[in-house]
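A short write-up of the structure that comes next.
Letters A, B, ... are given to chains in the order of the sequence lines, protein chains preceding strands, and every chain is numbered from 1. Because the structure is predicted, anything quoted here is derived from the model rather than measured.
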Amino acid sequence: MAAVTYELIKTCKQTGARLGRVHTPHGSFETPIFMPVGTLATVKTMSPEDLKEMEARIILSNTYHLWLRPGHEIIREAGGLHKFMNWDRAILTDSGGFQVFSLSDMRKIEEEGVHFRSHLNGDKLFLSPEKAMEIQNALGPDIMMAFDECAPYPADHAYVKHSLERTTRWAERCLESHARPHDQALFAIVQGGMYEDLRKQSAMDLTSMDFPGYAIGGLSVGEPKHLMYEALDTTMPLLPTNKPRYLMGVGSPDALIEGAMRGVDMFDCVLPTRIARNGTTMTSQGRLVVRNAKYQRDFGPLDPNCSCYTCKNYSRAYLRHLIKSDETFGLRLTTYHNLHFLLNMMAQVREAIREDRLRDFRDEFFENYGMANNESGF
RNA sequence: GGAGGAUUAGCGAAGUGGCCAAACGCAUCAGACUGUAAAUCUGCUCCCAUUCGGGUUCGGUGGUUCGAAUCCAUCAUCCUCCA
């Protein structure tokens, strides 16, 4: 019995989007779904109770960061990540592959793994497929990610090809060294940059290995949106229909909807939480920088169409004041709202799929969001 | 009444003859943020101009000088000490 299984409930007649259900050792959830990011075993400023209140079903955490601090052995001793952070719903951990990309200053990628330096103290570190599995086995998430290389954009064809082929070999090694396949699902990550042939190659090679789920990586790394959608268009049809598909690192409202329309089941992104802490919010009427002076005397809610805790109780003027004053409560309130907004939007996407009207929903949403003719999106 | 010190852009504070429209910090205003090195980062803030550039500034006034935030005189205000 696989640790994680996918059940296709129905396909939207208007778009081909999938309504599904994913079963994990820590509960089931309907897809498409958005997963809040809690890199250091906490979704910044949110308590698990907050997350449950807004109906988050699965959150992310990070192999690299928890390896460095507090250390995966400590989390194992604590009884695993779920217990350690008091979250009894599903958890997915990223493998550290993205950190190899984002902490790219000092790194050396070899066949065996990656040498790089700790961002905390400069220690020399080495991460490999086997090490990433060892750490994730200790952390104990429901879903763990294969150790991959997220190629930068732009990157030339030869580089991306070489990189993706290595990522495939690494995926194989991950599979071999994975110690807990009975209760932890290992997802592989399709790479290939913006090259159609390479996306196909990566998808074909990885799907031949029968992972319980597939992610699409290497997108939302600075490329124009239409390239991301093209990459999805070429990749999605090659992935098995009986397994979840996870688009990594995508979180702007428009991209979530566009991704769902192309058959993506899972998304994660730091965008809602990060921009919230910097004073920007997502509303049904578009992006709203509540930090701006024009909201100084605006005593209405952030989003009049929102029923979240923040919008029910606090005004734009108050949020602006808190953010301007560096009050932690302000970070909490905007974070709460942004997460609630995306979670709620995805619930509406699922309803729209159920009723075969996702395209209508998309058009209406985009119009309200003020981006009907805006390709740059968020 | 006497002696000394101070006064710089919204605030604090450098600058003591040209490289000064004036460092730096804060505040302000705006922008960025997409598998989190991020409650972070970038830019703006005398006036006009999209750029080039132009015009007015360093308590007030008057002077010295080719040239003054910087030197001199004087006035104003504040602080410290002595009577």
Side-chain angles (χ1 to χ4, degrees), chain A residues 34-46 58-66 68-69 92-107 116-123 125 132 141 143-151 153 167 187-191 214-225 228 246-256 258-259 264 266-282 287 289 291-296 319-320 322-335 338 342 376-378:
Chain A
F34 177 76
M35 308 182 280
V37 179
T39 303
L40 283 159
T42 173
V43 175
K44 294 186 195 303
T45 78
M46 292 289 99
I58 172 170
I59 62 175
L60 234 75
S61 203
N62 187 280
T63 299
Y64 166 76
H65 291 281
L66 295 178
L68 293 197
R69 200 163 57 186
L92 180 154
T93 49
D94 186 26
S95 63
F98 187 74
Q99 278 60 48
V100 170
F101 161 78
S102 65
L103 276 50
S104 64
D105 272 3
M106 299 182 77
R107 64 163 178 190
F116 61 131
R117 287 185 177 272
S118 160
H119 70 282
L120 295 177
N121 58 12
D123 279 0
L125 301 171
I143 300 172
M144 38 197 256
M145 300 306 298
F147 186 64
D148 68 326
E149 185 197 346
C150 177
Y153 173 84
T167 287
F187 283 19
I189 304 173
V190 175
Q191 290 290 347
Y214 290 91
I216 299 91
L219 294 179
S220 210
V221 289
E223 77 283 7
K225 275 198 172 149
M228 174 169 87
Y246 160 30
L247 176 55
M248 307 184 79
V250 166
S252 65
D254 55 317
L256 293 184
E258 293 286 347
V264 176
M266 302 161 68
F267 302 85
D268 83 284
C269 195
V270 304
L271 191 67
T273 45
R274 180 181 288 170
I275 66 173
R277 293 193 305 278
N278 295 325
T280 301
T281 58
M282 300 169 173
R287 152 201 199 105
V289 184
R291 170 173 37 82
N292 285 1
K294 59 181 167 182
Y295 302 115
Q296 202 165 21
L319 294 173
R320 168 179 147 85
L322 293 181
I323 295 284
K324 295 290 296 175
S325 309
D326 288 326
E327 283 294 340
T328 54
F329 189 44
L331 310 181
R332 220 172 102 60
L333 290 174
T334 51
T335 298
N338 278 357
L342 285 188
S376 70
F378 185 72

Let's test this: given Watson-Crick or G-U wobble pairing with both distances under 3.5 Å, identify the partner of [N].
{"N": "B:rA23", "result": "none"}
{"N": "B:rC52", "result": "none"}
{"N": "B:rA6", "result": "B:rU77"}
{"N": "B:rU40", "result": "B:rA32"}

Sugar-phosphate only, base, or nothing, as touched by [X] at under 4.0 Å among non-hydrogen atoms:
{"X": "A:Gly279", "answer": "nothing"}
{"X": "A:Ser118", "answer": "nothing"}
{"X": "A:Arg107", "answer": "nothing"}
{"X": "A:Glu223", "answer": "nothing"}

[atom1] atoms of [N] and [M], separation to the nearest Å:
{"N": "B:rC41", "M": "B:rU8", "atom1": "C1'", "value": "30 Å"}
{"N": "B:rA14", "M": "B:rU64", "atom1": "P", "value": "32 Å"}
{"N": "B:rU80", "M": "B:rU70", "atom1": "P", "value": "27 Å"}
{"N": "B:rA38", "M": "B:rC47", "atom1": "C1'", "value": "37 Å"}
{"N": "B:rG55", "M": "B:rG17", "atom1": "C1'", "value": "23 Å"}
{"N": "B:rG10", "M": "B:rG63", "atom1": "C1'", "value": "33 Å"}

What is the separation between atom [atom1] on [X] and atom [atom2] on [N], rounded to the nearest whole Å?
{"X": "A:Arg320", "N": "B:rA27", "atom1": "CZ", "atom2": "P", "answer": "13 Å"}
{"X": "A:Met145", "N": "B:rU36", "atom1": "CE", "atom2": "P", "answer": "11 Å"}
{"X": "A:Phe34", "N": "B:rU34", "atom1": "CZ", "atom2": "P", "answer": "13 Å"}
{"X": "A:Tyr295", "N": "B:rA30", "atom1": "OH", "atom2": "C1'", "answer": "13 Å"}
{"X": "A:Phe101", "N": "B:rU34", "atom1": "CZ", "atom2": "C1'", "answer": "11 Å"}
{"X": "A:Leu66", "N": "B:rA37", "atom1": "CG", "atom2": "C1'", "answer": "14 Å"}
{"X": "A:Phe98", "N": "B:rU34", "atom1": "CZ", "atom2": "C1'", "answer": "8 Å"}
{"X": "A:Leu60", "N": "B:rG35", "atom1": "CG", "atom2": "C1'", "answer": "6 Å"}

Can you name the atoms? Protein N/O to nucleotides 40-47 of chain B N/O, anything below 3.5 Å, with the distance.
| residue | atom | partner | partner atom | Å |
| --- | --- | --- | --- | --- |
| B:rU40 | N3 | A:Asn278 | OD1 | 3.3 |
| B:rU40 | O4 | A:Asn278 | OD1 | 3.0 |

Could you tell me which non-hydrogen atom of A:Thr167 sits nearest to which non-hydrogen atom of A:Glu149, and how far apart they are?
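Looking at all heavy atoms of both residues, the closest pair is OG1-N, 3.1 Å.
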
Close side-chain approach of [X] and [Y], heavy atoms under 4.5 Å:
{"X": "A:Thr63", "Y": "A:Gln99", "value": "no"}
{"X": "A:Phe98", "Y": "A:Asn62", "value": "no"}
{"X": "A:Phe101", "Y": "A:Val221", "value": "yes"}
{"X": "A:Asp268", "Y": "A:Leu92", "value": "no"}

Phosphate oxygens OP1/OP2 of [N]: is one of them under 4.0 Å from a side-chain N or O of [X]?
{"X": "A:Arg287", "N": "B:rU34", "value": "no"}
{"X": "A:Thr39", "N": "B:rU36", "value": "yes"}
{"X": "A:Asn292", "N": "B:rG31", "value": "yes"}
{"X": "A:Gln99", "N": "B:rA37", "value": "yes"}
{"X": "A:Arg274", "N": "B:rU34", "value": "yes"}
{"X": "A:Thr280", "N": "B:rC33", "value": "no"}

Taking donor-acceptor contacts at under 3.5 Å, does the side chain of A:Thr273 reach the base of B:rU36?
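Such a pair exists between side chain and base.
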
Kindly point out which of [options] is positioned nearest to the side chain of [X]?
{"X": "A:Ser95", "options": "B:rG35, B:rU34, B:rU36", "result": "B:rG35"}
{"X": "A:Leu331", "options": "B:rG35, B:rA39, B:rU36", "result": "B:rA39"}
{"X": "A:Asn62", "options": "B:rU36, B:rG35, B:rG31", "result": "B:rU36"}
{"X": "A:Ser252", "options": "B:rU34, B:rA37, B:rG35", "result": "B:rU34"}
{"X": "A:Lys324", "options": "B:rA30, B:rU28, B:rC33", "result": "B:rU28"}
{"X": "A:Val289", "options": "B:rG35, B:rC33, B:rG31", "result": "B:rG31"}

Nearest-nucleotide 5' precedence on RNA chain B, A:His65 against A:Lys294
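On the 5' side of the pair lies A:Lys294.
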
Identify, between A:Leu40 and A:Glu149, the residue whose nearest nucleotide on RNA chain B lies closer to the 5' end.
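Closer to the 5' end of RNA chain B: A:Glu149.
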
Regarding A:Thr280 and A:Asn278, is there a side-chain donor-to-acceptor distance under 3.5 Å anywhere?
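No, because no side-chain N or O of A:Thr280 sits under 3.5 Å from a partner of the opposite role on A:Asn278.
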
Can any side-chain N or O of A:Arg69 pair as donor or acceptor with the backbone N or O of A:His65 at less than 3.5 Å?
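Side chain of A:Arg69 to backbone of A:His65: no pair is present.
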
So, does A:Ser325 use its side chain to make a donor-acceptor pair with the main chain of A:Glu327 at under 3.5 Å?
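No: the side chain of A:Ser325 does not pair with the backbone of A:Glu327.
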
Checking A:Asp148 now: which residues fulfil side chain to side chain donor-acceptor pair (under 3.5 Å) with it, not counting sequence neighbours?
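For A:Asp148 the side chain to side chain donor-acceptor pair (under 3.5 Å) partners, ignoring immediate neighbours, are A:Gln191.
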
Pairing residues for A:His119 by the side chain to side chain donor-acceptor pair (under 3.5 Å) criterion, not counting sequence neighbours
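Side chain to side chain donor-acceptor pair (under 3.5 Å) list for A:His119, sorted by chain: A:Tyr64.
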
